[in-house]
Colleague: 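Attaching a single structure in structure tokens format; questions to follow.
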Amino acid sequence: MASFAGLIRPALWVVTAKLSNAYSGSTGDSRKLSETLRIRFLVRRHSYALEAELAFACRNIVCTAEVYDETNGVVVDCGSSTTRAGYAGEDTPEALFPSVVGFSTADAEGQARPETSNKRQKTSATIPSTRKLRAGNAQLDYRHEGFEVEPVFQYGNFTSIEAVEALWEHAWRDRLRVNIEEHPVMMAEPVFQTKAAREQLLEALFETHKAPAAFMAKSAVLASYAMGRQTSLMVDAGHNGTVVAAVHDGFVLKHSITQSCIGGSALSQCMLKSVEAKNISVKPRFAFKRQETSPGHFEVQDVGLKGLTDSFCKFHVQQIAADIKESIGRVSDLPFSASENANIPTVNYELPDGNEIQIGPERFNVPEVLLQPSLLQSTFAGVVDTAAAQGASPASLLDVIQDSISRSDVDVRRELYNSILLTGGCSLFATLRDRLERELADAAPQTAKVKVTSPANATERRFAVWIGGSILASLGSFQQMWMSKKEYEEHGAALMHRKAP
Amino acid sequence: MSWQTYVDDHLMCALPNGGQLAAAAILGHDGGVWAQSDSFPDITGEQVTNLMSAFSPPNYDGTLAQKGLFLGGNKYLVVAGDQGEVIRGKKGSGGATVKKTSSALVIGLYSDAHQAGDANVVVEQLGDYLIGQGM
């Protein structure tokens, strides 16, 4: 809300000028600074940032921002690549930052967290529970010795609850600047989330962060609401993999959930391998500096990477590889074979250090992995550690979709074929939708009419889950379904499995 | 307490967020009706057998998810349940919750979409109580 505060400032100066005029004008010699004038600004939602702005602008005048309307829910969607957070009722998330935490091996600050219950014994093997976890773009770019970076979600559920809480705290305290004790929290969760994981999250939410109410909604359902459909086959082509789930009237048909471990992260690694195969090393932005040797001519000089950890360098290199994939990757209209198209015209891409690379068949070959996972054994062998993906094997998008439909109720199948929704980061490849529709229509039974829909707007495609959460949390008919803190204290976290199966 | 009292007072009670279940019953594992409410449909033996196999390995409710959950003349779509303990189905704006105890099946049917969570709570709490009592 930085822009909001920016708008407030000029208006406030006018208000304070008038107020101080009025104040000084009335009793000229009794401008007692100790006497304070209280102004209450009635705002839609309480925000510490706004209060700070007001206090600064009004100086001697004590300002408080008070909420006059019912408190808004806060919607948090922790995805595998980015975390989205914002207020319910808005159309885009305010906070967007990578779902990655950094911790310093040399960091000695941070006390061990008090254990609230036995369930919190589990911590990740690599993230010690006494370290201070940092989240957010600014903190992750801060390079210093021994700073490790680790993704919070790996092929399934979160690695440690402290990492998820670090993400939450960054969203609520640093970005949204809300006191979460006053806002109900709508959390989006993956469709395959286990009961134990849910209970851990709820415990952390109610006991450590003291939220007044919470709800956990499946991501497939939320994305479906965002696209205005109650029934659909939701294909979420995300970072860690693709998840396909059938949604019927707002409920996920649990047996129709299928997964593939090929996602944005796998594609970025394939792109990185293709670039490095041309003997070009991708240097992260902090690894070089440009020196002016003669007027107008710059020379790139390497800055030592001494002391920087592997995980940190790898994280930043992956970001560059992801950018290459996103800007020039395309899905071809017909099944693509690199050998047949070896002479395809190349495009230029300029790396951060000024190197220009020519990308030819890789442009189409890399996104092709989504639809032809056999490439992971031939061209891109050894790039993706498929053995590490628990429960999700590398499968083509087509197979995953058809598998999901064949596992659902026979009566619903025709409707599912008719309303396949494609969302998620990988759906941003512009031609993926057309190719998918064509190939599915060939593979599906004759009588089924196949229709693949994707939101037209790129923002809606990426944030469909968050937007659905925002819609759901602001519906009047939903307000009776929140699980309140009182219910948590009476019945425990297991109540959520019954309220929101 | 007779079984009918269980159904009348503990299943057909006022739900926390208003309204009440449309129908409820407690059946034995063999399909025998221990008690039921007025509008509860007749369940055939075959439907009960299918239900019981949906609570057992190896498939659990996998086959039921493909064919559908039949209770009386109504077909319900199987949504997320608890493997081996609870099967939940939905039909239109209503649905069903079936909880398996050691020797009984507690079934609750609701007709309003907003009652789904409450119906789950009511049926499963009675089921947990019966399990605790050894029934």
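Here is how names work: the chains are called A, B, and so on, in the same order as the sequence lines, proteins then strands, and each is numbered from 1. Excluded from the calculations below are hydrogen atoms, water molecules and symmetry mates; all remaining heavy atoms, backbone and side chain alike, are included. These numbers were taken from a predicted model, which means no experiment stands behind them.
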Colleague: Can you tell which of B/Gly62, B/Gly95, B/Ser93, B/Ala65 has the highest number of heavy-atom pairs within less than 4.5 Å of chain A?
Modeller: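 Of the candidates given, the most pairs with chain A belong to B/Ala65.
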Colleague: Decide yes or no for B/Val78 and A/Leu253: does some side-chain heavy atom of the first lie under 4.5 Å from some side-chain heavy atom of the second?
Modeller: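 Counting from C-beta outward, B/Val78 and A/Leu253 never come under 4.5 Å.
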Colleague: From B/Tyr60 OH over to A/Lys254 NZ, what is the distance, rounded to the nearest 0.5 angstrom?
Modeller: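 Rounded to the nearest 0.5 Å, the OH-NZ separation comes out at 10.5 Å.
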Colleague: Select one option (side chain, backbone, both, neither) describing which atoms of B/Lys67 are under 4.5 Å from chain A's heavy atoms.
Modeller: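 It is the backbone, since no side chain atom gets that close.
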Colleague: Does any backbone or side-chain atom of A/Lys195 lie under 4.5 Å from a heavy atom of chain B? Answer side chain, backbone, both or neither.
Modeller: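 A/Lys195 touches chain B through side-chain heavy atoms alone.
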Colleague: Going by heavy atoms in the side chains, are A/Arg413 and B/Gln66 under 4.5 Å from each other?
Modeller: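 A/Arg413 reaches B/Gln66 side chain to side chain.
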Colleague: Please flag which part of A/Ser406 lies under 4.5 Å from any non-hydrogen atom of chain B: side chain, backbone, both or neither.
Modeller: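 Just the backbone, heavy atoms under 4.5 Å.
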Colleague: Are side-chain heavy atoms of A/Pro501 and B/Val79 found at a separation under 4.5 Å?
Modeller: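 Heavy-atom side-chain distance check fails, nothing below 4.5 Å.
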Colleague: Should the heavy atoms of other residues, nucleotides or ligands under 6.0 Å from CD of A/Glu490 be counted, would the total exceed 12?
Modeller: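 Above 12, so yes.
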Colleague: Is chain B contacted by the side chain of A/Val252, its backbone, both, or neither, given a heavy-atom distance below 4.5 Å?
Modeller: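 It is the backbone, since no side chain atom gets that close.
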Colleague: Name the region of A/Leu495, side chain, backbone, both or neither, that has any atom closer than 4.5 Å to a heavy atom of chain B.
Modeller: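 Just its side chain gets close to chain B.
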Colleague: Just checking, any donor-acceptor pair under 3.5 angstrom between side chains of B/Asp82 and A/His497?
Modeller: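 Result is no, nothing qualifies.
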Colleague: Check whether any side-chain heavy atom of B/Lys75 lies under 4.5 Å from a side-chain heavy atom of A/Asp411, and answer yes or no.
Modeller: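 Side chain of B/Lys75 against side chain of A/Asp411, heavy atoms only: contact under 4.5 Å found.
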Colleague: Does atom CG of B/Asp30 have more than 12 heavy-atom neighbours, drawn from other residues, nucleotides or ligands, at distances under 6.0 Å?
Modeller: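 Counting other residues, nucleotides and ligands, CG of B/Asp30 exceeds 12 neighbours.
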Colleague: So which of B/Val86, B/Leu77, B/Val123 has the biggest tally of heavy-atom pairs under 4.5 Å with chain A?
Modeller: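 Most heavy-atom pairs under 4.5 Å with chain A: B/Leu77.
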Colleague: Can you list the steps and then say if B/Gln125 with A/His491 is a side chain to side chain contact (heavy atoms under 4.5 Å, CB included)?
Modeller: CA-CA 11 Å; B/Gln125 277 183 347; A/His491 299 113; 3.8 Å; yes
Colleague: Run through B/Val121, B/Thr97, B/Asp118, B/Val122 and flag the one making a side chain to side chain contact (heavy atoms under 4.5 Å, CB included) with A/Arg498.
Modeller: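 One option only clears the test, and that one is B/Val121.
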